[in-house]
*Asks:* 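First the structure, which I've put down as structure tokens, then a few questions once you've had a look.
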Amino acid sequence: QVQLVESGGGSVQSGGSLRLSCAAAGDPYSRRCMGWFRQAPGKEREGVAFIGGTGTTFYADSVKGRFTISQDNAKNTLYLQMNSLKPEDTAMYYCASRGPCYLSAARPPIQSEYNYWGQGTQVTVSP
């Protein structure tokens with residue numbers, strides 16, 4: 001079992017920054033690969049940023065150069081630094097984890113492959 005708790009969401013103006021955190025606990029094997037998904041109202045959930053056990057990362061094209069995923073293994077915490085936020089970044093952001101994975105630019109992560117999910121944290125970006 002894995003427990004994931006997100007925090008750090010809020011409301012900012014366009015161009016602003018936020019840092020999301022995901023505190024993780026439980027089976028380390030099931031936390032080898034972690035990432036962030038988001039879901040805007042009326043839209044499907046989409047992958048945003050991911051990090052594998054070796055530190056490899058994957059970013060959706062829409063956030064490349066603006067968002068940075070990182071993790072502090074000593075604190076069992078996953079982060080998502082979001083800069084230059086846009087109104088289209090408005091969504092509920094979810095932290096998710098799974099066992100070992102292979103991250104490839106040619107194959108975006110699929111949500112069905114992630115076994116554990118947090119409750120989400122809302123990010124709202126105003127024009």
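This chain uses plain numbering: 1 for the first residue, then up along the sequence.
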*Asks:* Specify the closest pair of heavy atoms between Y29 and P100, including all atoms of both residues, with the distance to one decimal.
*Replies:*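 That closest heavy-atom pairing would be CZ-CD, 3.4 Å.
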
*Asks:* Can you tell me how far CZ of R98 sits from OG of S112, rounded to the nearest 0.5 angstrom?
*Replies:*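 Reported to 0.5 Å precision, the distance equals 9.5 Å.
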
*Asks:* Applying the 4.5 Å side-chain criterion to the ILVMFWY set and letting contacts propagate, would M34 and I69 be lumped into a single cluster?
*Replies:*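 Same hydrophobic cluster.
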
*Asks:* How close do Q122 and A91 get, counting heavy atoms only, and between which atoms?
*Replies:*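 Heavy-atom minimum between the residues: NE2-O, 3.4 Å.
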
*Asks:* Identify which one of Y102, Y114, F67 satisfies the ring-ring contact (aromatic ring centres under 6.0 Å, His included) criterion when paired with F50.
*Replies:*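 Of the listed options, the one satisfying the test is Y114.
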
*Asks:* Can you hop from V125 to F37 via hydrophobic side chains spaced under 4.5 Å?
*Replies:*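 Each belongs to a different hydrophobic cluster.
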
*Asks:* Under a 4.5 Å cut-off applied to non-hydrogen side-chain atoms, are W117 and C95 in contact?
*Replies:*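 Result no, sub-4.5 Å side-chain heavy-atom pair not found.
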
*Asks:* Can you name the closest pair of heavy atoms from L18 and G9 and give their distance?
*Replies:*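 In terms of heavy atoms, the two residues are closest at CD1-C, 4.5 Å.
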
*Asks:* So that I know where these two stand, are Y116 and Y94 an aromatic pair - ring centroids less than 6.0 Å apart?
*Replies:*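 Centroid separation for Y116 and Y94: 6.0 Å or greater.
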
*Asks:* Please list all pairs meeting side-chain hydrogen bond (donor to acceptor under 3.5 Å, both in side chains) that have one or both residues in residues 52-61, counting only residues at least two apart or in different chains.
*Replies:*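 Qualifying pairs, neighbours excluded: D61-K64.
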
*Asks:* Grouping I, L, V, M, F, W and Y whenever their side-chain heavy atoms are under 4.5 Å apart, do F58 and Y93 come out in a common cluster?
*Replies:*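 Result: no, two separate clusters.
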
*Asks:* Minimum heavy-atom separation for L80 to V48, with atom names?
*Replies:*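 Result for this residue pair: CD2-CG1, 4.3 Å.
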
*Asks:* Looking at side-chain heavy atoms only, is the closest gap between S30 and N115 below 4.5 Å?
*Replies:*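 Sidechains of N115 and S30: no contact.
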
*Asks:* CG of N76 to CD of Q3: how many Å apart, nearest 0.5 Å?
*Replies:*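 Here the interatomic distance stands at 11.0 Å.
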
*Asks:* Taking the side chain as C-beta and beyond, is there a heavy-atom pair between R38 and S62 under 4.5 Å?
*Replies:*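 Touching, per the 4.5 Å side-chain cut-off.
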
*Asks:* Minimum heavy-atom separation for D27 and V2, please, with both atom names.
*Replies:*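 Looks like O-CG2, 3.8 Å.
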
*Asks:* Can you tell me how far OG1 of T77 sits from CG of L4, rounded to the nearest 0.5 angstrom?
*Replies:*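 Between L4 CG and T77 OG1, I get 10.5 Å after rounding to 0.5 Å.
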
*Asks:* Any heavy-atom pair between the side chains of V12 and M82 that's under 4.5 Å?
*Replies:*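 Not touching, per the 4.5 Å side-chain cut-off.
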
*Asks:* List the atom of S17, the atom of N83, and the distance in Å for their closest heavy-atom pair.
*Replies:*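 Heavy atoms of S17 and N83 come nearest at OG-OD1, 2.9 Å.
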
*Asks:* In this structure, are over 12 heavy atoms from other groups packed under 6.0 Å from Q13 atom CD?
*Replies:*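 No, CD of Q13 has 12 or fewer neighbouring heavy atoms, counting only those of other groups under 6.0 Å.
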
*Asks:* Grouping I, L, V, M, F, W and Y whenever their side-chain heavy atoms are under 4.5 Å apart, do V63 and L103 come out in a common cluster?
*Replies:*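 In one cluster with V63: L103, no.
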
*Asks:* Enter the distance from S21:OG to Q71:CD here, rounded to the nearest 0.5 Å.
*Replies:*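 The OG atom of S21 sits 13.0 Å away from the CD atom of Q71.
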
*Asks:* Are E113 and C101 packed together at the side-chain level, in the sense that at least one heavy-atom pair is separated by less than 4.5 angstrom?
*Replies:*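 SC-SC contact between E113 and C101 ruled out.
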
*Asks:* To the nearest 0.5 Å, how far apart are OG in S126 and CG in L85?
*Replies:*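 Between S126 OG and L85 CG, I get 10.0 Å after rounding to 0.5 Å.
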
*Asks:* For the side chain of R31 and the backbone of C33, is there at least one donor-acceptor N/O pair under 3.5 Å apart?
*Replies:*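 The answer is no, because no donor-acceptor pair under 3.5 Å joins these two groups.
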
*Asks:* Within a reach of under 6.0 Å around CZ of R32, are more than 12 heavy atoms found that belong to other residues, nucleotides or ligands?
*Replies:*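 Not more than 12 within 6.0 Å, no.
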
*Asks:* Check side chain to side chain contact (heavy atoms under 4.5 Å, CB included) between Q119 and all other residues, then give those that pass, not counting sequence neighbours.
*Replies:*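 Q119 satisfies side chain to side chain contact (heavy atoms under 4.5 Å, CB included) with V5, E6 once adjacent residues are dropped.
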
